[in-house]
Structure formats: structure tokens, C-alpha cells
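Below: one structure, written as C-alpha cells.
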Amino acid sequence: MAEIDQNQMKKLAGEKAVEEFVKDGMTVGLGTGSTAYYVILKVAELVKKGYNLKCVATSIASERLALENGITIVDLNDVDYVDVTIDGADEVDPKMNLIKGLGGALLREKIVAAASLQEVIVVDESKLVEKIGTKVSLPVEVLQFGHVRTAYGLKRQGCEPVLRMKGNEPFVTDGGNYIYDCRFENGIDYLSFKESALDAIPGVVECGLFINMTAAVVVAHKDGTVEIRQ
Ligand code: 5RP
């Protein structure tokens, strides 16, 4: 059988997750990124079919895409909880721990994930790793104020922090903050401790480690199969 490309895998994973996890009447968290893009389009199909869904967006870009496709967006402050959030990830380990934030939306994504009964992650197989931090750098969102000092603190945690740029200017998140992409030479050990240590540095707003937050991972493979890990 011919192999499918990465974009086709993203579409398969995103659509499968919506089919499996979204039910009529739910409040749904919409992730951010190129895999979540297919989630949002599939949710829009359900809305067109008559499903009564309220959605919370994890970024301005996802909110815009959702509204353009007829999805009702509500403020996270106006719901008691989110039934299910479907979002992408940059790395997924065997225990379903994650690195997120290469798309720059990690802060809102983490707030929405924490408000969700189920956090469902959609990925193609290239995102699977044995150890977190071995493939990608860890994004850490920091306040603009004093960010160079904050980066010293990040470095003391054993990584090489690089300020994310967009053209000639630092990349600015939806929250108005900067991101340092932190490269850990041999991956990240003791994930919960590292998350606490990073988040305790003055100036750090949030890091892209999502530990013990995932209820299920929907993985699309090159051979066209889709696996659900729970
Ligand atoms: C954005 C994210 C994305 O979910 C993550 O970067 C995966 O994106 P994509 O599906 O485009 O590979 O965390 O902040």
C-alpha cells in the first residue's frame, strides 16, 4: 500500500478524534496548529449537521478559523468546564506526556487543557518519541520585561535558550509575551520537577511541558491507519 504524506496523516488524526470524542451538546476546546486545523473543519461539519456545540479557542488564529466556519465561540470564563479539547503536540512520549508550543499558543492551550475533562491529542507518527525533549526544543513563554535575565534562569536549568524570532523582531504570543525555545542536550529528565523549576523562575509565564494532562492520543501512521492510545 502507498504511504500517505504528513498532511494527510494530520487530516486523518484530526477527523478521527472529532468522530470519536465529540458528542452533541458538548463544550469543545479547539486546539491550535496545522493538525488542529482539520479538527476545526470537522467540528464545523458537525455544526452544519445540526450539532449544538459551544467551543473555546486556544488561540486568536483558531478562533478566527472557527468563526469563519460557522462555529460558536464562547469565552472560557463563561463555561464551568470544557468537555473535551482536541489539540496537536510537538512531541508525545509513551506515557502521553507532551511538548507543546512550537505554534506559539502553549499558554492558552495549557489553560484550556486544565479546564477540560478530557484532553485529546492529535498527531502524525513523526511526533512520537521515547523521551521528551530529544527531538524538539521546549518552548517557554516569558514576560517581555527583563526577558534576558529570565533567560539566564532558564540556562541554569540545563538548557540552551534561544529567543524565538519572527523576521527581525521577537515573536510575540497572543498574550503579548516572548518565547524562548530551550534545547536540552539529552532530552528532559524528571518532567514534573523540571516543569515546576522552570515555572518558578521569575518572568516565566508557562512552559510547554504537558505532564499527566492527556486522556487520549490519536496517532495517524504513514500506512493510513489511525491508532487511539488511552
Ligand atoms: C501550538 C501547538 C501545536 O499544537 C503544536 O505545535 C503542533 O502543531 P502542528 O499540528 O502544526 O504540528 O502546541 O502552540
Side-chain angles (χ1 to χ4, degrees), residues 4-18 21 28-43 55-66 76 82 84-93 96-114 116 118-129 132-142 162 164-166 170-183 188 191 195 198 204-211 213-222 226:
I4 61 171
D5 66 24
Q6 193 181 28
N7 207 42
Q8 288 170 310
M9 283 190 267
K10 289 178 182 205
K11 185 168 190 286
L12 274 184
E15 291 182 347
K16 179 73 173 174
V18 175
F21 292 96
V28 180
L30 302 175
T32 296
S34 55
T35 318
Y37 168 84
Y38 293 109
V39 170
I40 295 172
L41 294 191
K42 192 71 184 171
V43 166
C55 294
V56 172
T58 55
S59 63
I60 293 170
S62 290
E63 174 166 343
R64 194 174 298 134
L65 180 66
L76 182 59
V82 177
V84 63
T85 290
I86 307 179
D87 201 351
D90 303 301
E91 281 188 357
V92 181
D93 81 0
M96 302 196 294
N97 294 314
L98 318 171
I99 282 183
K100 287 182 52 53
L102 260 66
L106 69 100
L107 177 58
R108 290 190 189 189
E109 289 173 336
K110 209 166 190 175
I111 294 170
V112 175
S116 301
Q118 281 191 298
E119 173 82 356
V120 174
I121 295 300
V122 285
V123 288
D124 63 81
E125 62 179 23
S126 72
K127 307 291 184 66
L128 302 177
V129 295
I132 284 294
T134 45
K135 246 185 173 176
V136 302
S137 296
L138 174 69
V140 179
E141 184 157 343
V142 305
V162 176
R164 190 179 296 183
M165 302 296 287
K166 191 174 179 188
F171 171 84
V172 178
T173 67
D174 286 352
N177 303 309
Y178 288 167
I179 287 183
Y180 276 90
D181 291 304
C182 298
R183 182 79 207 145
I188 303 174
L191 295 174
E195 182 186 28
L198 291 169
V204 168
V205 180
E206 192 52 78
C207 78
L209 286 171
F210 283 52
I211 313 302
M213 293 187 102
T214 310
V217 181
V218 179
V219 189
H221 295 280
K222 279 194 190 114
V226 183

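Counting starts at 1 for both ligands and their atoms, following the listed order. Atom set for the values below is all heavy atoms of this structure, side chains included, hydrogens, waters and symmetry mates excluded.
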Result for side-chain contact (heavy atoms from CB on, under 4.5 Å) between Asn97 and one of Ile211, Thr214, Leu209 points to Ile211
[atom2] on [Y] to [atom1] on [X], rounded to 0.5 Å:
X: Ile111; Y: Leu76; atom1: CD1; atom2: CG; answer: 7.5 Å
X: Glu63; Y: Arg108; atom1: CD; atom2: CZ; answer: 8.0 Å
X: Leu12; Y: Ile4; atom1: CG; atom2: CD1; answer: 4.5 Å

Residues forming a ring pair (Phe, Tyr, Trp, His ring centres under 6.0 Å) with Tyr37, sequence neighbours excluded | none
Amino acids contacting ligand 1, non-hydrogen cut-off under 4.0 Å | Lys10, Thr32, Gly33, Ser34, Thr35, Asp87, Gly88, Ala89, Asp90, Lys100, Gly101, Leu102, Gly103, Gly104, Ala105, Leu106, Glu109, Lys127
Smallest heavy-atom separation, Tyr38 atom then Glu15 atom, equals O-CG, 4.5 Å
